[in-house]
K.L.:
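Below you'll find the structure I mean.
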Amino acid sequence: MSPTATKGTAVNRVLTFAATELKLFFRDPAGVIVVAALPVGLVLVFGLSSSGAPPGGSRSIPAFLPALGISIALGMLALFTLPSVLGAYRERGVLRRLATTPVSPAALLGAQLLVQAGIAVAATGLVATVAVLALGLPAPANPLGLALSLVLGIAALFSIGLLVAALAPNAKAAGGLGPLSFFPQMFLAGFWMPWEAMPDWLAAIGRHSPLGATLQTVVTSWMGGAPAVGQLLALGVFALVAGVTAVRLFRWV
């Protein structure tokens with residue numbers, strides 16, 4: 001079989017898996033509602049309040065609200081939903097059965113990444129639509145920068161989610177390891193304490209953490225600025241290192 005045919009077969013396997021996984025995702029209405037409703041709810045709660053946004057430093061700018069909702073949606077999908085799905089598959093023996101087929105770990109992980117990334121894009125669009133149409137916030141002024149920030153942010157966060165899924169022996173473990181990664185990232189991203197209130201060294205780490213860099217580059221792009229090269233590079237490094245490690249450490253049982 002030629003390299004081109006082999007590549008085509010691998011792509012078809014990923015797409016076939018992705019189609020199946022998408023159907024399974026929408027069979028769980030609760031998961032869909034949480035992913036869509038929580039970020040939108042946060043944006044509406046803060047947006048309709050008298051202050052218009054959470055107080056403190058960069059949080060006072062209108063772009064922070066949609067960036068907050070988008071970042072939370074991406075983080076929840078990457079570190080809650082994705083690891084839990086693969087952890088449940090391992091626990092139920094689905095992965096063990098797949099191990100007897102020609103399916104590669106990269107194909108399965110790629111399909112999951114494709115599905116969850118697609119849902120992340122849809123959630124991002126929903127949050128942005130609510131922010132602009134329902135709250136009257138300004139539309140993104142730098143759409144190309146925003147697209148680049150989202151692509152790298154999704155790649156970084158979901159690669160970390162894949163790594164968690166590769167390491168978790170079952171659904172319960174995945175459900176613990178995901179939040180164990182998500183909540184410290186929320187702190188570093190300045191969700192609970194603005195970077196302006198942190199020590200300089202901690203704020204610098206937070207700005208280049210996966211969730212923090214995603215949040216800041218989205219805010220900057222939404223306002224019309226160019227996302228910081230250092231933060232984009234940080235997201236790319238996280239995506240590459242975590243993604244490669246996830247594929248290498250993935251276990252069928």
Side-chain angles (χ1 to χ4, degrees), residues 6-7 10-11 13-15 17-18 21 25 71 73-96 98-99 101-121 148-189 204-217 229-253:
T6 301
K7 182 178 180 180
V11 171
R13 287 174 179 168
V14 171
L15 293 178
F17 262 112
E21 294 298 328
F25 180 84
S71 299
L74 298 184
M76 289 180 62
L77 282 167
L79 301 173
F80 284 74
T81 305
L82 179 58
S84 295
V85 170
L86 290 177
Y89 282 1
R90 181 174 288 113
E91 185 175 319
R92 296 171 186 170
V94 175
L95 298 184
R96 186 190 300 272
L98 286 175
T101 72
V103 177
S104 68
L108 178 61
L109 297 182
Q112 270 295 324
L113 182 60
L114 184 61
V115 169
Q116 300 296 339
I119 296 169
V121 171
L148 178 60
S149 301
L150 289 174
V151 167
L152 290 175
I154 289 173
L157 291 168
F158 280 79
S159 293
I160 295 172
L162 288 175
L163 179 57
V164 172
L167 296 175
N170 50 51
K172 185 176 181 180
L177 291 175
L180 191 62
S181 172
F182 179 67
F183 289 113
Q185 286 197 57
M186 287 186 69
F187 171 76
L188 289 174
I205 293 175
R207 288 188 176 93
H208 293 85
S209 65
L211 200 59
T214 300
L215 174 67
Q216 185 60 46
T217 54
V229 174
Q231 290 177 319
L232 295 177
L233 288 176
L235 291 173
V237 169
F238 276 112
L240 179 62
V241 173
V244 171
T245 305
V247 172
R248 290 191 174 183
L249 296 182
F250 186 81
R251 297 171 291 104
W252 290 105
V253 295

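Heavy-atom basis, side chains included; hydrogens, waters and symmetry copies ignored.
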K.L.:
Heavy-atom distance under 4.5 Å between the side chains of Pro210 and Ile160, does that happen here?
P.N.:
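Answer yes - side chains close enough.
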K.L.:
Roughly how far, to the nearest 0.5 Å, is the CG atom of Leu215 from the CZ atom of Arg207?
P.N.:
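If we round to the nearest 0.5 Å, Arg207:CZ and Leu215:CG are 11.0 Å apart.
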K.L.:
Of all the heavy-atom pairs spanning Val115 and Ala18, show the shortest one and how long it is.
P.N.:
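Smallest interatomic distance, heavy atoms only, reads CG2-O, 3.1 Å.
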K.L.:
Looking only at heavy atoms, what is the nearest atom pair of Ala120 and Leu74, with distance?
P.N.:
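Heavy atoms of Ala120 and Leu74 come nearest at CB-CD2, 3.4 Å.
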K.L.:
Just verifying a value: how many Å separate Leu157 CG and Ser71 OG, rounded to the nearest 0.5 Å?
P.N.:
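Between Leu157 CG and Ser71 OG, I get 8.0 Å after rounding to 0.5 Å.
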K.L.:
Answer whether the closest heavy-atom distance between the side chains of Pro179 and Leu79 falls below 4.5 Å.
P.N.:
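When only atoms from C-beta onward are counted, Leu79 and Pro179 do not touch, as no gap falls below 4.5 Å.
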K.L.:
If you round to the nearest 0.5 Å, how far is OG1 of Thr81 from CG of Leu86?
P.N.:
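That separation rounds to 11.0 Å.
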K.L.:
Out of curiosity, Gln116 CD to Leu162 CG, how far, rounded to the nearest 0.5 Å?
P.N.:
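Interatomic distance, Gln116 CD to Leu162 CG, rounded to 0.5 Å: 9.0 Å.
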K.L.:
Looking only at non-hydrogen atoms, find the nearest pair between Ala174 and Gly87 and report the distance.
P.N.:
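What the structure gives for the nearest pair is CB-CA, 4.4 Å.
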K.L.:
Where do Gly161 and Pro83 come nearest, in terms of heavy atoms and distance?
P.N.:
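Of all heavy-atom pairs spanning Gly161 and Pro83, the closest is O-CG, 3.6 Å.
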K.L.:
Cut-off 3.5 Å, no hydrogens considered: what does the side-chain donor-acceptor table look like for residues 163-171, sequence neighbours left out?
P.N.:
from	atom 1	to	atom 2	distance (Å)
Asn170	OD1	Lys172	N	3.2
Asn170	OD1	Ala173	N	2.8

K.L.:
Yes or no on side chain to side chain contact (heavy atoms under 4.5 Å, CB included) for Leu211 and Phe182, after CA distance, side-chain angles and deciding distance?
P.N.:
CA-CA 8 Å; Leu211 200 59; Phe182 179 67; 4.2 Å; yes
K.L.:
Are the side chains of Phe158 and Leu77 in contact, using a 4.5 Å heavy-atom criterion?
P.N.:
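Yes - at least one pair of side-chain heavy atoms lies under 4.5 Å apart.
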K.L.:
I'd like to know if the side chain of Thr217 and the backbone of Thr214 have a donor-acceptor N/O pair within less than 3.5 Å.
P.N.:
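Judged by distance alone, yes, a pair lies under 3.5 Å.
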K.L.:
Taking all non-hydrogen atoms of both residues into account, name the closest pair between Phe250 and Arg90 and its distance.
P.N.:
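Scanning both residues completely, I find the closest heavy atoms to be CE1-NH2, 3.7 Å.
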K.L.:
Please report the interatomic distance CG(Leu235) to CG(Leu150), rounded to the nearest 0.5 Å.
P.N.:
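With rounding to 0.5 Å, CG (Leu235) is 10.5 Å from CG (Leu150).
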K.L.:
Measure the spacing between CG of Leu180 and CD of Gln185 and express it to the nearest 0.5 Å.
P.N.:
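Reported to 0.5 Å precision, the distance equals 10.5 Å.
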K.L.:
Between Ser209 and Gly206, is there a donor-acceptor pair closer than 3.5 Å when you use the side chain of the first and the backbone of the second?
P.N.:
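Yes, because the side chain of Ser209 sits within donor-acceptor range (under 3.5 Å) of the backbone of Gly206.
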K.L.:
Closest heavy-atom contact between Ser159 and Gly243?
P.N.:
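Answer, listing the atom of Ser159 first, then Gly243: CB-N, 3.6 Å.
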